[in-house]
Amino acid sequence: MKTIKIFILFLIVLSIQNSFPQNLNVQNLIGKQLKDVISKYGNPVHQDNSIPSMICLFYKSPTMVFVADETSVYQAEITKEYLTEDARKNELDELIAGSLKDGFKSDTLSNNKIVLTKPGIKTEIDIINLNEKNLFEIKVKAIRHD
């Protein structure tokens, strides 16, 4: 019975980990309140509010950082690693398709760099092969711009 409970817990954790393609869409939180970030991702593992014009929320898995001033989030970053290139490609495709649907325009700079823009938001996507770890990675950085 205990083994079945552990197995079920393992399946739940695995399904949760694989069901967050929206996590890469951190650009959707630019201009939102920090409470919106916390509502979506839960409490951060660390929060630095020592400088009111640069309040930072840090999340661990996947690694995310949100920076806000007194009014709203002005920078958001996420770094996520994948065990397979196919898993990374699927999530990258979902990120780009969702962004285009949300009004972003895409500019592919190279095989490893994509820039998505819409008025007020610039998002840079870096596609990285971590050969020494045999992992695949996506880094997304979104900033508010005028």
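The figures here come from the full heavy-atom set of this structure, side chains too, leaving out hydrogens, waters and symmetry mates.
- For the pair Q27 and L95, the minimum side-chain heavy-atom distance is below 4.5 Å.
- L83 belongs to a hydrophobic cluster with I128, L130, L135, counting contacts under 4.5 Å between side-chain heavy atoms of Ile, Leu, Val, Met, Phe, Trp and Tyr, direct or through other members.
- Partners of D126 by salt bridge (charged side-chain N to carboxylate O under 4.0 Å, His left out), not counting sequence neighbours, listed by chain and number: K113.
- M64 and I127 fall within a single hydrophobic cluster, where Ile, Leu, Val, Met, Phe, Trp and Tyr are joined by side-chain heavy atoms under 4.5 Å apart, directly or via other members.
- Two residues are said to be in side-chain contact when any heavy atoms from C-beta on lie closer than 4.5 Å; K141 and K139 fail this criterion.
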Exercise. Carefully, step by step, assess S110 and N112 under the rule side-chain hydrogen bond (donor to acceptor under 3.5 Å, both in side chains).
Key: CA-CA 5 Å; S110 71; N112 300 322; 5.1 Å; no
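- Side-chain atoms of K40 and K32, non-hydrogen and from C-beta on, never get closer than 4.5 Å to each other.
- In plain terms, the two heavy atoms of I78 and P62 that are nearest each other are CD1-CG, 3.7 Å.
- One hydrophobic cluster, built from ILVMFWY side chains closer than 4.5 Å, holds both I138 and Y41.
- The two residues K118 and G103 make their nearest non-hydrogen contact at CB-O, 3.6 Å.
- A single hydrophobic cluster is seen to contain both L29 and I96, as judged by linkage of ILVMFWY side chains at heavy-atom distances under 4.5 Å, directly or through other members.
- For N111, the CG atom counts as loosely surrounded, since its 6.0 Å shell holds 12 or fewer non-hydrogen atoms of other residues, nucleotides or ligands.
- Contact of the S53 side chain with the E70 side chain is registered, since non-hydrogen atoms from C-beta on lie closer than 4.5 Å.
- Scanning all heavy atoms of the two residues, the minimum distance from F136 to N129 falls at CD2-OD1, 3.3 Å.
- Note: the hydrophobic cluster containing I51 also contains Y74 (ILVMFWY, side chain heavy atoms under 4.5 Å, direct or indirect links).
- Looking only at atom types and distance, the side chain of T84 has no donor-acceptor partner in the side chain of D86 under 3.5 Å away.
- The closest donor-acceptor contact from the side chain of D36 to the backbone of Q33 lies under 3.5 Å.
- Legend: residues meeting side-chain hydrogen bond (donor to acceptor under 3.5 Å, both in side chains) with S39, ordered by chain and number and at least two apart, are absent.
- Within the 3.5 Å criterion, the main-chain N or O of A142 finds no donor-acceptor partner in the side chain of E124.
- Between the CD atom in E137 and the NZ atom in K80 there is a gap of 12.0 Å [rounded to 0.5 Å].
- Within the 4.5 Å cutoff, no side-chain heavy atoms of V26 are placed close to those of E77.
- A continuous path of Ile, Leu, Val, Met, Phe, Trp and Tyr side chains, each step under 4.5 Å between heavy atoms, connects M54 with V65, placing both in one hydrophobic cluster.
- Side-chain contact between L92 and Y82 is absent, with no heavy-atom pair separated by less than 4.5 Å.
- Under the 4.5 Å side-chain criterion, counting only non-hydrogen atoms from C-beta, T117 is not in contact with D107.
- Counting only heavy atoms from C-beta outward, the side chains of F66 and I38 never approach each other to under 4.5 Å.
- When all heavy atoms of F104 and L100 are compared, the pair lying nearest together is O-CD2, 3.2 Å.
- A salt bridge links K89 with D93; the closest basic N to acidic carboxylate O contact falls under 4.0 Å.
- Looking at N131, its side chain never comes within 3.5 Å of a backbone N or O of N134 through a donor-acceptor pair.
- Between F58 and H46, the ring-plane angle classifies as tilted under the 30° and 60° cut-offs.
- Contact record, A76 with I30: N-CD1, 3.9 Å, taken as the closest heavy-atom pair.
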